[in-house]
There are 2 protein chains.
Amino acid sequence: MPSSPDPAAGLAFLLSQVGAHSSARFAERLEPLGFKPAHAGILRVVRDADGLSQQALGEALGVFPSRLVGLIDEIEGKGLIERRNSPADRRAYALYLTAAGRDALQAVGETSREHQASICAAMSDEERAQLADMLRRIVAEQGLAAGVHPGFGRMGGEPM
Amino acid sequence: MPSSPDPAAGLAFLLSQVGAHSSARFAERLEPLGFKPAHAGILRVVRDADGLSQQALGEALGVFPSRLVGLIDEIEGKGLIERRNSPADRRAYALYLTAAGRDALQAVGETSREHQASICAAMSDEERAQLADMLRRIVAEQGLAAGVHPGFGRMGGEPM
DNA sequence: AAAAACCGTTATTAGATGTAACGATCCACC
DNA sequence: GGTGGATCGTTACATCTAATAACGGTTTTT
């Protein structure tokens, strides 16, 4: 094995490594606010699609409905989200962001910007734009849903 | 909220998203070989540092020694790794790759290359080099150990 | 009107992760 | 040279998470 002249050596690993780091740091920054990453995702989707059902939310986020129950309980307990009875379907809830929920989402957005600034400290503005463009192309080419995080369920531990 | 003219919008999220995707796909590719990502990492480190102890391995990989026990049991059960008694310390093992282990590691390397080719399909060779360069700079700037995966322990679910 | 499909919830199962404790051994120090 | 503390691999445990299946209540279909 020569001295690995391939300038893209380990690229897939680097993506995994940096991605996991970004996720972990983001979760750390969210913790003092009393949030987990999943909470932030829920708030964002509910803001963009007011009045949707838990089932629709689960589908949009790739989360099992049974998992949403507890997650929404936590958010609702903070008064950030409302479970109103759906006028069209008495089985379903219609989820709405409260005013406090909008504030919280804004705080999350601020945290998110700080996080990104920290993660990207090693790159110029131009490079950040290039990087974002490439990543967006990967998302599209790989068939990932824009804005939907694969989630990290069971996936083993360290890589090669 | 304007139409988000920031070309780097959501960059940190994109990194998390693509990274998680890369990890998940890599794990999928490894599964038919009977490996988990952690196994691949162990094989690689043991090859590069023949004769090290489990404790040293754990430190190099950021894995708790108690977790290594089962992991190494699995690899040893396939005859890919040997636990020899350390000549210098009767408490410790000295880990060695067997010939079969070297073959397995090469198979993992091949799988890794296929994986990377798939993930990077949307980018030119030049872009891949640029991307790798930027990611390596992030790794350095963020104080990550080169080649050490943060691991995905508990980290919640979906992001914002 | 009856059967099938659907919503949110709960219970259960299964898996993984970090902490703590154990016997055996090594090392430092008196 | 012996004693106490630290270290190595292991086991046991407590915690936590996530997916599956089943439930009551409701809607839709036929």
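Below, chain A is the first sequence line, B the second, and so on; all start at residue 1. Quick note: numbers below take in every heavy atom, side chains included, and nothing from hydrogens, waters or symmetry partners.
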Rounded to whole angstroms, how far apart are [atom1] on [X] and [atom2] on [N]?
X        : N      : atom1 : atom2 : answer
B:His149 : C:dT17 : NE2   : P     : 13 Å
B:Gln54  : D:dT10 : CD    : C1'   : 9 Å
A:Glu59  : C:dG8  : CD    : C1'   : 15 Å
A:Arg67  : D:dT20 : CZ    : C1'   : 15 Å
A:Asp73  : C:dG8  : CG    : P     : 13 Å
B:Leu68  : C:dA16 : CG    : C1'   : 15 Å
A:Ile81  : C:dG8  : CD1   : C1'   : 15 Å
B:Leu52  : D:dC8  : CG    : C1'   : 14 Å

Atom pairs and distances, side-chain donor-acceptor, residues 95-104 of chain B, under 3.5 Å, sequence neighbours left out:
from, atom 1, to, atom 2, distance (Å)
B:Thr98, OG1, B:Gly79, O, 2.7
B:Thr98, OG1, B:Leu80, O, 3.3
B:Thr98, OG1, B:Ala100, N, 3.4
B:Thr98, OG1, B:Gly101, N, 3.0
B:Arg102, NH2, B:Leu97, O, 3.4

Check your understanding: By side chain to side chain contact (heavy atoms under 4.5 Å, CB included), which residues pair with A:Gln116, not counting sequence neighbours?
Key ->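 By the side chain to side chain contact (heavy atoms under 4.5 Å, CB included) rule, A:Gln116 matches A:Cys120, B:Ala8, B:Leu11, B:Ala12.
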Point to revise | Results of side chain to side chain contact (heavy atoms under 4.5 Å, CB included) for A:Glu31 - residues two or more places apart only | key: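 Testing A:Glu31 for side chain to side chain contact (heavy atoms under 4.5 Å, CB included), a comparison that skips the adjacent residues, returns none.
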Review point. When you match A:Gln55 and B:Phe64 each to their closest nucleotide on DNA chain C, which lands nearer the 5' end?
Key: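 Taking each residue's closest nucleotide, the earlier one in sequence belongs to A:Gln55.
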Point to revise | Sequence neighbours excluded - salt bridge (Lys or Arg N to Asp or Glu O under 4.0 Å) pairs with any residue from residues 109-125 of chain B | key: B:Arg29-B:Glu114, B:Glu110-B:Arg113
**Study point:** Residue pairs involving residues 137-149 of chain A (criterion salt bridge (Lys or Arg N to Asp or Glu O under 4.0 Å); sequence neighbours excluded)
**Key:**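 Qualifying pairs, neighbours excluded: A:Asp133-A:Arg137, A:Arg137-B:Glu127.
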Check your understanding: What pattern of brackets, bars and dots sums up DNA chain C from 5' to 3', given Watson-Crick or G-U wobble pairs under 3.5 Å, [ ] for crossing pairs and | for another strand?
Key -> ||||||||||||||||||||||||||||||
Check your understanding: Sub-3.5 Å donor-acceptor pair from the side chain of A:Gln17 to the main-chain atoms of B:Val148, do we have one?
Key -> yes
Check your understanding: Does the B:Arg90 side chain pair with the main chain of B:Asn85, one donor and one acceptor, at a distance under 3.5 Å?
Key -> no
Atom pairs and distances, donor-acceptor, side-chain atoms in residues 50-59 of chain A, under 3.5 Å, two or more places apart:
from, atom 1, to, atom 2, distance (Å)
A:Ser53, OG, A:Ala56, N, 3.1
A:Gln54, OE1, A:Arg83, NH1, 2.7

Review point. In chain order, what residues pass the ring pair (Phe, Tyr, Trp, His ring centres under 6.0 Å) check against A:His21, with sequence neighbours excluded?
Key: none
Practice item. Let me have a per-nucleotide readout for nucleotides 21-30 of chain D, 5' to 3', with B, S or -, counting only protein heavy atoms under 4.0 Å. Key: ----BBS---
